[in-house]
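Here is how names work: the chains are called A, B, and so on, in the same order as the sequence lines, proteins then strands, and each is numbered from 1.
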Protein chains: 2
Amino acid sequence: MNITIKDIASIAGVSYSTVSKALNDSSLVKENTKRKIVKIAKDLGYEPNFAAQRLVSKNTKVIGLIWPTIERTVLATLVTKISNEMAKTPYSMILSVDPIQKSLDTFKKFQVDGVILFGENTLTEINPNSIPLISYGVSGKKNYHYPIIDANHMKAMDDAINYLYELGHRNIKYVGNISPTDPLQMEKYQGFTKAMEKYNISYTNEDILDTGGLDWYHGYHAVDKMLKSNHLPTAIVGGSYDISGGIIRSLKENNVHIPDEISVISYDNIPQMAHLEIPLTCIGVSVEELAEKIVHSAITLIETKKLDSEVTKMIPSLVERASCATVRNN
Amino acid sequence: MNITIKDIASIAGVSYSTVSKALNDSSLVKENTKRKIVKIAKDLGYEPNFAAQRLVSKNTKVIGLIWPTIERTVLATLVTKISNEMAKTPYSMILSVDPIQKSLDTFKKFQVDGVILFGENTLTEINPNSIPLISYGVSGKKNYHYPIIDANHMKAMDDAINYLYELGHRNIKYVGNISPTDPLQMEKYQGFTKAMEKYNISYTNEDILDTGGLDWYHGYHAVDKMLKSNHLPTAIVGGSYDISGGIIRSLKENNVHIPDEISVISYDNIPQMAHLEIPLTCIGVSVEELAEKIVHSAITLIETKKLDSEVTKMIPSLVERASCATVRNN
DNA sequence: TTGTACGCGTTATCAG
DNA sequence: CTGATAACGCGTACAA
């Protein structure tokens, strides 16, 4: 078996309750003996038994993250950031990729202090009162019983269009995945059209390019087709990181110069945007901000059991890079 | 506080040790009272206290997976498969994306029964005797103290070349990332050259196309350049899933028909290969097999404390799809 | 077949 | 300042 405080006690010639206090840096024990005990503990390689500690009821300083859909790259970035952010706090994080309920059970067994749920899709009836829980994802219409953090996608699109408008663009196309079953995609799409109307920029169905998917080549394909039809806008709004990668690739292949001949702005505010062939101007809530907000909300919820509002929409920001320019005067 | 076996005992009118036995389906308790107790437990919504259970020393039936580099998509597939495979066993899985040592500490605290390490890169000095551990990744030269599961990349390349050889190909190019700092990439590259020599197929440096990266467009670019130089082989070996995606895209763009005009075989045996523009024939250890092997090795190690060999190289297999054909007789 | 009593490793509450 | 001692919730020899 492992070494316990009793072992330490006996070799230190004190009672184990004293050892416990000493190890917890209690003020109820003389500096002298405290030091002695700590030293012995270190020498013996003592490690407290977590199970025992928790049996006397205490918090674990661990937060669980439920992440059933690990294959989406964008979320991987977010998870990394969250992990980094968490590392700055006294908390650590464990993940589960199992289905929500099973993950929840596991976490409950381990008595994590709280859980973060990446609930892109379904919000099943989960027990809200059993354990502090916040969720990141689309704030659907369903009735939820826990705080939700989400990005304001509509606002993001508005900002994008506004930005392009200021640059003089009046001929703008949206290239993204128009999937009625995916609330996130729909919100971006609707954000686009709404913004276009707001800024009084005319557009038709032809200006909405449905990629039919979220991958690199979906964006590539869509733009390729567009180029062949000779309907060149002055600016493109890309629906996501991967899609935009395909967009600029296709543009480059066809010798359409960015940003001189065409401007491109992309949704998704992640650092990788800077490392594409052309550093891409983008719009969205930055993953860093998102991560920060998520972990601090979680911790606040854990420690105060109360959060300001039930659903927070994060404000997006626009990061200017090298892919947009004022429209040329012909 | 939560409800305990004592509560159940008192309302059932028995001692709590009886309850304990009943709940563990012991044969030492009459069927009748057992049923009664179980029912009460269920009615009361009793949930055993995990910490207490583990305090009396028992295994957790949980395996920890350390995965510091979550951003690599291929591994995401593997993790998913592992999770699924694990679900078939009595074990469940939790992940940590923290640095290895920190992850290990966390898992040790939670007393997981064993850990799986995705140690692509560094194998720091980790305590081998403290907790059953197996690793997946490149079997480097470093001295390790734990079982390693790896894929036999050399063999995979050999199989690929052999396959193409049988189809009559004598003009084969390798398109992959030649990165001296990445052991995995080097092993694939060397596997290619070695196999070419073995089958007596002549090749020059021109036949090794260094993509300079692992992404989609790296493969795209390399092939595009190749096509412009008019050095067309009869077959291409793609170095990885993403790269191959770019390869076939480029080929298609340039109206080089697969497989009539050129055959393509790719490294990485993952199901997604079937969903590319052209269902790709591929080579490598299938993720399913890999996942299966990994979880069963882990469990074996946990339950018997002994594994057959220290490092197992998984045998790759070739999956025929629509991207290879016999070379045309001109 | 059921109950008693002890131990698992810690923390916390009291007395000294 | 230090040391007993009682929890915490459960499993398990040992008794009954």
Side-chain angles (χ1 to χ4, degrees), chain A residues 1-42 44-62 90 105 108-113 130, chain B residues 1-42 44-62 105 108-113 130-131:
Chain A
M1 257 296 96
N2 250 330
I3 122 147
T4 78
I5 50 173
K6 290 189 180 175
D7 303 329
I8 302 181
S10 71
I11 119 157
V14 298
S15 85
Y16 64 85
S17 85
T18 306
V19 174
S20 172
K21 290 171 198 151
L23 259 25
N24 289 334
D25 202 25
S26 162
S27 57
L28 302 180
V29 51
K30 209 165 37 175
E31 266 305 323
N32 222 337
T33 56
K34 192 188 289 185
R35 252 197 297 276
K36 189 174 81 182
I37 291 174
V38 168
K39 180 174 185 334
I40 295 179
K42 189 163 293 175
L44 262 49
Y46 165 75
E47 288 182 13
N49 183 313
F50 202 50
Q53 287 182 149
R54 266 149 6 123
L55 191 53
V56 301
S57 212
K58 272 197 48 184
N59 43 11
T60 55
K61 289 293 176 197
V62 174
D105 290 343
K108 215 177 294 178
K109 285 196 340 184
F110 282 126
Q111 294 177 222
V112 300
D113 292 342
S130 61
Chain B
M1 254 298 96
N2 249 330
I3 124 147
T4 77
I5 50 173
K6 289 188 182 174
D7 303 329
I8 302 181
S10 71
I11 118 159
V14 297
S15 84
Y16 63 83
S17 89
T18 306
V19 175
S20 173
K21 289 171 199 153
L23 259 26
N24 290 333
D25 203 24
S26 162
S27 57
L28 300 181
V29 50
K30 209 162 43 174
E31 266 305 324
N32 223 336
T33 55
K34 194 188 289 185
R35 252 196 297 277
K36 188 174 80 183
I37 291 173
V38 168
K39 179 174 187 330
I40 295 179
K42 189 161 294 175
L44 262 49
Y46 165 75
E47 290 182 13
N49 183 312
F50 203 47
Q53 286 182 149
R54 265 154 2 131
L55 193 53
V56 301
S57 208
K58 279 227 350 219
N59 41 14
T60 55
K61 290 292 177 199
V62 173
D105 290 344
K108 215 178 293 176
K109 285 196 337 184
F110 282 126
Q111 294 176 221
V112 300
D113 292 342
S130 61
I131 186 170

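- Taking 4.0 angstrom as the limit, A:Thr4 places none of its side-chain polar atoms (N or O) nearer than this to OP1 or OP2 of C:dG9.
- Straight-line distance from the NZ atom of A:Lys109 to the C1' atom of D:dG9: 16 Å, rounded to whole Å.
- Note that the NZ atom of B:Lys34 and the NZ atom of B:Lys21 stand 11.5 Å from one another [nearest 0.5 Å].
- At whole-Å resolution of the value, CG in A:Asn49 and P in C:dC8 are 11 Å apart.
- Between B:Thr18 and the phosphate of C:dG3, there is a side-chain N or O to OP1/OP2 separation shorter than 4.0 Å.
- One can place CD1 of B:Ile8 at 13 Å from P of D:dG9, the figure rounded to the nearest angstrom.
- Inter-residue side-chain proximity for B:Lys61 and A:Lys109 is flagged as unmet; no heavy-atom pair is nearer than 4.5 Å.
- A distance of 4.5 Å separates CD1 in B:Ile8 from CD1 in B:Ile3, rounded to the nearest 0.5 Å.
- For the pair B:Lys6 NZ and C:dA5 C1', the computed distance is 12 Å after rounding to whole Å.
- Summarising the local packing, NZ of A:Lys39 is surrounded by 12 or fewer heavy atoms from other residues, nucleotides or ligands at distances under 6.0 Å.
- Of the possible donor and acceptor atoms, one in the side chain of B:Asn49 sits under 3.5 Å from a partner among the backbone N and O of B:Ala51.
- Using a 4.0 Å heavy-atom cutoff across all strands shown, A:Glu47 reaches sugar-phosphate atoms only and no base atom.
- Between the CG atom of B:Asn59 and the P atom of D:dG11 there is a distance of 12 Å, rounded to whole Å.
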message: Strictly under 4.0 angstrom, non-hydrogen atoms only: write out the protein contact profile of nucleotides 11-16 of chain C, one letter per nucleotide from the 5' end, B, S or -.
response: BBB---
